[in-house]
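Quick notes on the structure that follows.
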Protein chains: 2
Amino acid sequence: MPDTAHLDINQMRERAGEATGVLRVLAHEDRLLLLCQLSQAELCVSDLEQQLDIRQPSLSQQLGVLRREGLVATRREGKHIYYRVGDDRVLALLQTLYELYCQPHEGTS
Amino acid sequence: MPDTAHLDINQMRERAGEATGVLRVLAHEDRLLLLCQLSQAELCVSDLEQQLDIRQPSLSQQLGVLRREGLVATRREGKHIYYRVGDDRVLALLQTLYELYCQPHEGTS
DNA sequence: CTAACATTATATTGTAAGATAATATGTCTG
DNA sequence: CAGACATATTATCTTACAATATAATGTTAG
């Protein structure tokens, strides 16, 4: 249980604004899947296209969103552009989401 | 680092769909703040109105979203209706968000 | 220059946000 | 139990934003 007692409402709004900025980006099935794949390995667009079965332009548009919002970083290597998750907080969020929504035992004890 | 190796793409899409359903609800500043408050204590609409300075109809609309999506539960007591977070996964997510976006030390060591 | 890889531009559609007004629900009093 | 008030929800409308698909353009290697 978060203890937010030390934050006043304005500070809370500011932090909430930061958080919702990221959450909006995650709240999209294709983008979330992209990030999941990229949390495992650095991948180029054609890798992602194969793994997730999304057409290149759509893919590239969503990758563009991730780039502009600073959630991924890129590296060019010849014809290929490699993507990776570029934000530790996002990595941590993905980890939590994985535990909550992908682990078989949802965990009482 | 999540290990999703045991999930095929269809399973992943299904889980991602569940997760994005919740993320969409969280990705709204007022709603996120409401959930933060409710993660600390059970509160009625007028409490929330005071604490967050949101007008009643707007507030009630957002609470309606939270109810329909199953993120909160309610309890009537006389004139007041008390809200609380009604989903453990949401509570866990709020906790993580708090650590990442509200803790002073964002944590290298 | 051509082929492969990737991004950007554009247009359409759909969905969410936000404000205001109207309605419901419950309590208390006379 | 009617009437008035406080609390809360729902309906409606307008605006703005995000999603999706297609077409066009850029970039690099051979």
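Hydrogens, waters and symmetry mates play no part in the numbers below; they use all other heavy atoms, side chains included. Just so it is clear: chains get the letters A, B, ... in the order the sequence lines come, proteins before strands, and each one is counted from 1. Note that the coordinates shown come from a computational prediction; the quantities given were computed from them, not determined experimentally.
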Inset, instruction - Would you jot down, in residue-number order, the residues of residues 20-35 of chain A having a non-hydrogen atom under 4.0 Å from DNA chain D? - result: His28(A), Arg31(A)
Inset, instruction - Measure from NE2 on His80(B) to P on dT9(D) and round the result to the nearest Å. - result: 12 Å
Inset, instruction - Using a strict 4.0 Å threshold on nitrogen-to-oxygen distance, state whether Arg67(B) and Glu69(B) make a salt bridge. - result: no
Inset, instruction - Mark yes when over 12 heavy atoms from residues, nucleotides or ligands other than Glu14(A) sit less than 6.0 Å from its CD; otherwise mark no. - result: no
Inset, instruction - Round to the nearest Å and state the distance from Tyr82(A) atom OH to dC5(C) atom P. - result: 11 Å
Legend entry - Ion pair check, Asp53(B) and Arg13(A), cut-off under 4.0 Å: no
Inset, instruction - For dA8(D), take OP1 and OP2 only and decide whether either is under 4.0 Å from a side-chain N or O of Ser46(B). - result: yes
Legend entry - Ion pair Glu29(A)/Arg15(B), N-O distance below 4.0 Å: no
Inset, instruction - Could you identify which residues of residues 57-74 of chain B place a heavy atom less than 4.0 Å from some atom of DNA chain D, listed by residue number, or say none? - result: Pro57(B), Ser60(B), Gln61(B), Arg67(B)
Inset, instruction - Figure out the CD1/P separation between Ile81(A) and dA4(C), and round it to whole Å. - result: 18 Å
Inset, instruction - For Glu77(B) and dA6(D), give me the distance from atom CD to atom C1', rounded to whole Å. - result: 16 Å
Inset, instruction - Could you tell me whether a side-chain N or O of Thr20(B) sits under 3.5 Å from a main-chain N or O of Ala16(B), the two making a donor and an acceptor? - result: yes
Legend entry - Arg89(A) side chain to Leu91(A) backbone, donor-acceptor under 3.5 Å: no
Inset, instruction - Could you tell me whether Glu49(B) atom CD has more than 12 heavy atoms of other residues or ligands within 6.0 Å of it? - result: yes
Inset, instruction - Nearest whole angstrom, please: distance from the C1' of dT7(D) to the CG of Leu43(B). - result: 15 Å
Inset, instruction - Check His80(B), Lys79(B), Arg75(B) against Glu77(B) for a side-chain hydrogen bond (donor to acceptor under 3.5 Å, both in side chains) and give me the one that passes. - result: Arg75(B)
Legend entry - Glu49(A) CD to dT7(C) P, straight-line distance once rounded to whole Å: 11 Å
Inset, instruction - Compute the bend angle of the helix from dC1(C)-dG30(D) to dG30(C)-dC1(D) from the end axes (five pairs per end), rounded to 10°. - result: 20°
Inset, instruction - Determine, using the 4.5 Å side-chain heavy-atom cutoff (strictly less than), whether Leu33(B) and Tyr82(B) are members of one ILVMFWY cluster. - result: no
Legend entry - Interatomic spacing from OG in Ser39(B) to CG in Leu94(B) - rounded to 0.5 Å: 5.5 Å
Inset, instruction - May I ask you to say what Tyr83(A) touches in the nucleic acid, namely base, sugar-phosphate or nothing, with a heavy-atom cut-off under 4.0 Å? - result: sugar-phosphate
Inset, instruction - Starting at atom NZ of Lys79(A), determine the distance to atom C1' of dT7(C), rounded to an integer number of angstrom. - result: 16 Å
Legend entry - Leu38(A) side, atom CG; Leu34(A) side, atom CG - distance, nearest 0.5 Å: 6.5 Å
Legend entry - Nearest-Å distance for atom pair CZ/C1', residues Arg76(B) and dA6(D): 11 Å
Legend entry - Closest to side chain of Gln56(A), choosing from dT7(C), dT25(C), dT9(D): dT7(C)
